[in-house]
Amino acid sequence: MRNAIIAAILASVVCGIIGTYIVVKKIVFISGGISHASFGGVGLGYLIGINPLITAIPFAVLSAVSVGIINRKTKINEDAIIGVIWSVGMALGLIFISLKQGYAPDLFSYLFGSILTVTHSDLILMSILDVIIITIVYLFYKEFLSISFDEEFSTVVGVPTNALYLLLLSMVALSIIVLIRVAGIILVLALLTMPILISRQFIHDNLRNLMVSSSIISAILVIIGLLVSYTLDLIPGATIVLILSIAFIFAFLIKKYIPNLS
Amino acid sequence: MDHTNETEMVLELKDVQASFDDNIVLDNVNLSVKKNDFLAIIGPNGGGKTTLLKIILGLLKPDKGTIKVFGKNPEKGRSLIGYLPQYSLFDRDFPINVFDVVLTARYNRVFKRYSDEDKNIVTNALKSVGMFDYRDRQIGNLSGGELQRVLLARALARRPELLILDEPTVSIDMKAQNSFYELLLKIKETMTIIIVTHDIGVIYPYIDKIACLNQKIYYHGPKEKGLHKIEEMYRMPVELILHDIPHRFLGEHE
């Protein structure tokens with residue numbers, strides 16, 4: 001349980017930071033594509049017998065960078081590219097797993113999360129990724145803000161927008177790796193969007209406040225979800241997502257009917 | 001006015017051609033803008049105005065032709081351009097306040113923080129458009145006219161020598177439009193201005209020159225002589241286009 005709570009906090013920090021960019025820059029579905037593509041890496045981890053989270057990193061980052069490059073350099077529709085990497089990644093993962101003899105017992109946990117079985121080495125990996133993400137966002141905060149708000153203007157004033165867009169997508173990829181243990185490949189989008197949508201009902205003034213408040217909201221709700229799932233013996237990943245969505249509905253109603261709060 | 005030398009040439013396009021998927025958008029466009037011109041590029045929607053702007057700003061490459069911005073290629077010359085995009089394209093819910101929007105114009109390079117001087121420049125730019133008191137407001141809490149002024153401040157915070165405005169007063173009410181153009185009249189004293197619009201009516205009293213663009217440049221010169229060209233381009237009488245302007249503003253046109 002202690003590991004689970006640490007994992008919840010590590011996950012919530014990146015949810016708040018990267019989720020904020022995902023929501024304000026409207027790259028939710030690119031993120032979904034990257035997440036599903038990383039399943040290829042999970043499968044490879046099974047096949048060669050190392051921690052699937054580690055093999056998922058290059059898959060997630062490579063798919064993020066390729067979506068970004070194809071998106072910028074060709075005329076292929078963005079949503080079509082997302083569809084392609086989404087399914088190709090999943091297909092690769094399935095092939096890798098089928099090449100390995102026998103049934104993959106905890107495959108389910110990578111698809112839907114399994115925060116109660118987070119290991120010590122998972123926590124170390126998650127911490128390293130947290131540090132990388134926070135450092136990069138700290139160093140490139142003004143660039144990420146600029147390209148999220150107005151990419152065209154940023155290009156004109158000399159921001160290297162294409163390179164920074166790829167860097168931002170790579171950070172999305174790393175944050176997905178951090179979240180896989182908590183919510184699983186299929187459910188991570190909930191963690192990357194709902195805490196931000198909740199806090200956005202009340203926080204509008206700047207990106208940094210939105211990040212901090214989203215991280216705190218995420219930590220509280222994930223831990224509540226964890227405790228609820230533990231008490232009622234429900235699947236944790238799915239329970240967390242439901243708690244998040246209930247909180248979102250409440251936040252929306254509070255904003256709507258008690259306008260003074262915002 | 002005829003003895004212009006090279007240094008007074010702000011913008012020069014020669015035989016520029018651009019196309020999208022085999023459709024020619026700009027055909028053999030020639031345009032030259034001199035220092036302190038106040039030029040309106042007028043043309044119907046879909047006439048290539050936005051494409052032309054993007055080429056000047058170095059965001060698009062033309063198929064053919066050369067572009068000189070202050071005698072350099074657009075990627076280099078654009079550091080002297082203040083650019084004001086259409087405000088209606090902005091996400092008004094974006095969590096950013098007025099001051100930070102304008103501050104993005106002071107970008108220098110990676111790993112370099114905004115300096116106190118940058119912040120002073122932003123303060124002055126906001127004061128010059130009368131928006132300094134709104135500096136802490138999130139942009140969603142501004143009217144269309146106010147946001148447009150903020151974006152003008154952002155363009156001015158570049159300390160530009162050329163100001164380019166894309167449809168600056170679309171869907172802004174009449175009163176805000178007029179005060180916006182009064183503001184431009186002041187700015188005009190210190191820099192070259194290009195306005196791109198499909199609506200010549202409101203801006204006509206303020207500008208000096210017109211370029212009529214619909215794939216080709218139909219006319220480029222003093223505004224009074226351009227009116228009949230606009231009629232030709234739009235295939236309707238100029239009175240309909242100049243709907244808001246009393247005739248005394250129009251001057252002579254043959």
Side-chain angles (χ1 to χ4, degrees), chain A residues 16-17 19-27 72-77 135-164 167-168 196-214 255 262, chain B residues 20-21 50 53-54 56-60 69 74-87 89-114 118 135-141 150-151 154-155 157-160 162 164 166:
Chain A
I17 297 173
T20 293
Y21 287 120
I22 290 174
V23 171
V24 300
K25 198 159 167 54
K26 302 187 174 72
I27 49 174
R72 294 298 158 106
K73 302 288 176 192
T74 72
K75 288 183 176 172
I76 306 170
N77 273 341
T135 310
I136 295 287
V137 169
Y138 178 77
L139 289 176
F140 296 99
Y141 181 81
K142 74 176 191 305
E143 284 87 359
F144 285 157
L145 174 65
S146 187
I147 66 169
S148 301
F149 179 62
D150 186 347
E151 190 153 339
E152 192 180 80
F153 186 84
S154 306
T155 309
V156 173
V157 302
V159 181
T161 43
N162 285 337
L164 283 159
L167 183 65
L168 184 58
I196 294 87
L197 295 177
I198 292 168
S199 107
R200 220 181 175 189
Q201 302 297 317
F202 312 104
I203 306 267
H204 316 273
D205 56 344
N206 77 49
L207 214 56
R208 199 175 281 130
N209 291 348
L210 191 58
M211 287 175 177
V212 173
S213 59
S214 304
K255 170 76 184 290
S262 54
Chain B
F20 275 125
D21 303 328
T50 306
L53 268 192
K54 290 193 169 173
I56 294 170
L57 292 165
L59 298 167
L60 277 180
V69 182
E75 281 88 353
K76 293 219 171 93
R78 71 186 173 198
S79 62
L80 293 171
I81 299 179
Y83 169 50
L84 193 147
Q86 293 184 34
Y87 94 98
L89 304 176
F90 283 84
D91 173 11
R92 302 285 286 269
D93 288 334
F94 197 97
I96 190 168
N97 67 27
V98 165
F99 194 88
D100 288 346
V101 167
V102 181
L103 196 56
T104 60
R106 298 302 308 164
Y107 183 79
N108 185 315
R109 59 176 172 80
V110 289
F111 305 129
K112 189 171 183 300
R113 294 180 167 271
Y114 298 116
D118 291 330
R135 62 190 176 278
D136 293 326
R137 289 242 197 131
Q138 190 266 335
I139 55 163
N141 299 320
V150 170
L151 296 176
R154 184 180 68 163
R158 291 294 292 163
R159 294 267 174 98
L162 168 63
I164 297 184
D166 189 4

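The basis for the numbers below is simple: all heavy atoms, side chains too, and nothing from hydrogens, waters or symmetry mates. Order of the sequence lines sets the chain letters (A, B, ...), proteins ahead of strands, with each chain counted from 1. Keep in mind it's a predicted model, so treat the numbers as computed, not measured.
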Point to revise | Contact class of Arg109(B) relative to chain A, heavy atoms under 4.5 angstrom | key: backbone

Practice item. Would you check if the distance from the ring center of Phe140(A) to the ring center of Phe111(B) is below 6.0 Å? Key: yes

**Study point:** Arg208(A) NZ/CZ over Tyr141(A) ring centroid, <6.0 Å and within 45° of normal
**Key:** yes

Point to revise | Sidechain-backbone polar pair: Lys255(A) side chain, Arg200(A) backbone, donor-acceptor under 3.5 Å | key: no

Review point. Between Gly158(A), Ser148(A), Ser154(A), which has the largest tally of heavy atom pairs under 4.5 Å with chain B?
Key: Ser148(A)

Point to revise | Which of Thr20(A), Ile203(A), Val159(A) touches chain B most, by non-hydrogen pairs under 4.5 Å | key: Val159(A)

Point to revise | chain A contact via Leu84(B) - side chain, backbone, both or neither, heavy atoms under 4.5 Å | key: neither

**Study point:** Winner by heavy-atom pair count (cut-off under 4.5 Å) against chain A, out of Ser79(B), Ala105(B), Gly58(B)
**Key:** Ala105(B)

Point to revise | Minimum-distance pair of heavy atoms, taken over all atoms of Tyr21(A) and Val137(A) | key: OH-CG1, 3.7 Å

Side-chain donor-acceptor distances from residues 89-99 of chain B under 3.5 Å, at least two apart:
from	atom 1	to	atom 2	distance (Å)
Asp91(B)	OD1	Asp93(B)	N	3.0
Asp91(B)	OD2	Lys26(A)	NZ	3.1
Arg92(B)	NH2	Leu142(B)	O	2.4
Asn97(B)	OD1	Phe99(B)	N	3.3
Asn97(B)	OD1	Asp100(B)	N	2.9

Revision key, fill the gap. Bottom line for Leu207(A): the part with an atom under 4.5 Å from chain B's heavy atoms is both

**Study point:** Residues that Lys75(A) engages under side-chain contact (heavy atoms from CB on, under 4.5 Å), provided they are two or more places apart
**Key:** Asp21(B)

Check your understanding: Of the backbone (N, CA, C, O) and the side chain (C-beta and beyond), which part of Asn206(A) lies under 4.5 Å from a heavy atom of chain B, both, or neither?
Key -> both

